[in-house]
Amino acid sequence: VQLVESGGGLVQAGGSLRLSCSASGFTFGDFSDYNIGWFRQAPGKEREAVSCISTFDGTTDYADSVKGRFTISSDNAKNTVYLQMNNLKLEDTAVYYCAADYGTIATMTEGLYDYWGQGTQVTVSS
């Protein structure tokens with residue numbers, strides 16, 4: 001499975017960005033057989049889960065730090081998952097990665113994800 005992230009960039013605090021994760025090359029099944037997660041890694045910190053979605057039934061989950069500000073969604077016709085990020089804060093600055101897990105139950109557990117994109121940089125300035 002190949003994953004390509006896009007949509008990162010530089011934004012002022014309080015602003016918005018929408019990240020996209022386009023998937024292709026499915027080893028088993030099709031897009032709806034994979035959970036997609038967004039993770040991020042800030043400089044000097046460990047990678048952390050941000051959000052995830054089951055493309056099978058639309059179930060979502062979020063890290064407490066982004067609840068109410070970020071929204072994950074899936075367009076199965078386009079094999080793409082989006083992460084709408086609103087009211088961005090300085091602490092949201094990180095490289096954001098999307099990842100795919102063969103399964104239909106959304107999970108925030110990083111170790112369950114087998115396929116990873118290259119990441120996209122999000123920088124929030126004051």
Side-chain angles (χ1 to χ4, degrees):
V1 177
Q2 289 79 50
L3 303 170
V4 178
E5 304 97 334
S6 61
L10 175 65
V11 63
Q12 286 191 324
S16 298
L17 283 175
R18 188 178 79 157
L19 304 183
S20 299
C21 173
S22 296
S24 63
F26 305 104
T27 306
F28 302 103
D30 58 25
F31 185 66
S32 63
D33 294 311
Y34 290 80
N35 300 307
I36 303 294
W38 283 100
F39 298 79
R40 67 185 181 186
Q41 187 167 23
K45 295 186 177 182
E46 293 188 353
R47 189 159 57 189
E48 63 176 356
V50 175
S51 183
C52 64
I53 187 167
S54 165
T55 59
F56 177 72
D57 62 9
T59 304
T60 62
D61 199 3
Y62 297 90
D64 288 343
S65 59
V66 306
K67 281 181 181 176
R69 300 188 298 121
F70 290 11
T71 302
I72 192 170
S73 62
S74 176
D75 185 338
N76 286 19
K78 296 183 178 180
N79 292 351
T80 300
V81 167
Y82 304 98
L83 185 68
Q84 178 67 43
M85 306 186 295
N86 297 331
N87 191 22
L88 283 160
K89 303 177 179 181
L90 296 179
E91 53 264 40
D92 293 319
T93 295
V95 177
Y96 283 70
Y97 300 89
C98 70
D101 157 51
Y102 181 65
T104 57
I105 300 175
T107 177
M108 297 280 274
T109 304
E110 181 177 338
L112 295 179
Y113 285 84
D114 296 315
Y115 308 98
W116 292 82
Q118 292 300 307
T120 185
Q121 176 71 47
V122 171
T123 303
V124 183
S125 65
S126 58

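The first residue in the sequence is number 1, and the count goes up from there.
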Checklist entry - Distance-only, no hydrogens or angles: does the Ser54 side chain make a donor-acceptor pair with backbone N or O of Ala106 under 3.5 Å? => result no
Checklist entry - Are any of the side-chain heavy atoms of Thr123 and Gln121 separated by less than 4.5 Å? => result yes
Next on the checklist: To the nearest 0.5 Å, what is the distance between CG on Asn35 and CE on Met108?
Outcome noted: 12.0 Å
Checklist entry - Side chains of Met85 and Val50: closer than 4.5 Å at any heavy-atom pair? => result no
Checklist entry - Tell me, which pairs form a side chain to side chain donor-acceptor pair (under 3.5 Å) where one or both residues lie in residues 69-79, sequence neighbours left out? => result Arg69-Asp92, Ser74-Asn76
Checklist entry - By the rule that ILVMFWY residues connect when side-chain heavy atoms come within less than 4.5 angstrom, directly or transitively, which residues belong alongside Phe39? => result Val95, Tyr97, Tyr113, Trp116
Next on the checklist: For the NZ atom of Lys45 and the CD atom of Glu91, what is their distance to the nearest 0.5 Å?
Outcome noted: 8.0 Å
Next on the checklist: According to side-chain contact (heavy atoms from CB on, under 4.5 Å), who are the partners of Ala13, at least two apart in sequence or on a separate chain?
Outcome noted: Val124
Checklist entry - Are the side chains of Ile72 and Val81 in touch, meaning some heavy atoms are under 4.5 Å apart? => result yes
Enumerate donor-acceptor pairs with a distance under 3.5 Å from any side-chain N or O in residues 18-31 to protein atoms, sequence neighbours excluded.
unit_1 : atom_1 : unit_2 : atom_2 : d
Ser22  : OG     : Thr80  : OG1    : 3.4
Asp30  : OD1    : Ser32  : N      : 3.2
Asp30  : OD1    : Ser32  : OG     : 2.8

Checklist entry - Does the side chain of Thr107 come within less than 4.5 Å of Asp101's, by heavy atoms? => result yes
Checklist outcome for this item: Minimal heavy-atom distance between Ser51 and Leu83, with the atoms involved, is CB-CD1, 4.1 Å
Item to check | Crowding at OH, Tyr115 (>12 non-hydrogen neighbours, <6.0 Å) | outcome: yes
Item to check | Minimum-distance pair of heavy atoms, taken over all atoms of Ala42 and Ala94 | outcome: N-CB, 3.8 Å
Item to check | Hphob cluster co-occupancy, Phe56 + Val1, side-chain heavy atoms under 4.5 angstrom | outcome: no
Checklist entry - Can you find a heavy atom in the side chain of Phe70 that is under 4.5 Å from one in the side chain of Asn86? => result no
Next on the checklist: Are Glu48 and Gln41 packed together at the side-chain level, in the sense that at least one heavy-atom pair is separated by less than 4.5 angstrom?
Outcome noted: no
Checklist entry - Counting heavy atoms not belonging to Gln12, are there more than 12 under 6.0 Å from its CD? => result no
Checklist entry - Taking all atoms of both residues into account, what is the closest heavy-atom pair of Arg40 and Ser65, and its distance? => result NH2-OG, 3.5 Å
Next on the checklist: Quick check on the hydrophobic clustering: are Ile53 and Leu112 connected, directly or via other members, by side-chain heavy-atom contacts under 4.5 Å?
Outcome noted: no
Checklist entry - Remaining members of Ile105's ILVMFWY cluster at a side-chain heavy-atom cut-off under 4.5 Å? => result none
Next on the checklist: I'd like to know if Tyr82 and Leu88 are part of one continuous hydrophobic network [Ile/Leu/Val/Met/Phe/Trp/Tyr, side-chain heavy atoms within less than 4.5 Å].
Outcome noted: no
Item to check | Worked verdict on Cys52 versus Ile36 for side chain to side chain contact (heavy atoms under 4.5 Å, CB included) | outcome: CA-CA 6 Å; Cys52 64; Ile36 303 294; over 6 Å; no
Checklist entry - Of all residues at least two apart in sequence or in a different chain, which pass the ring pair (Phe, Tyr, Trp, His ring centres under 6.0 Å) check with Tyr96? => result none
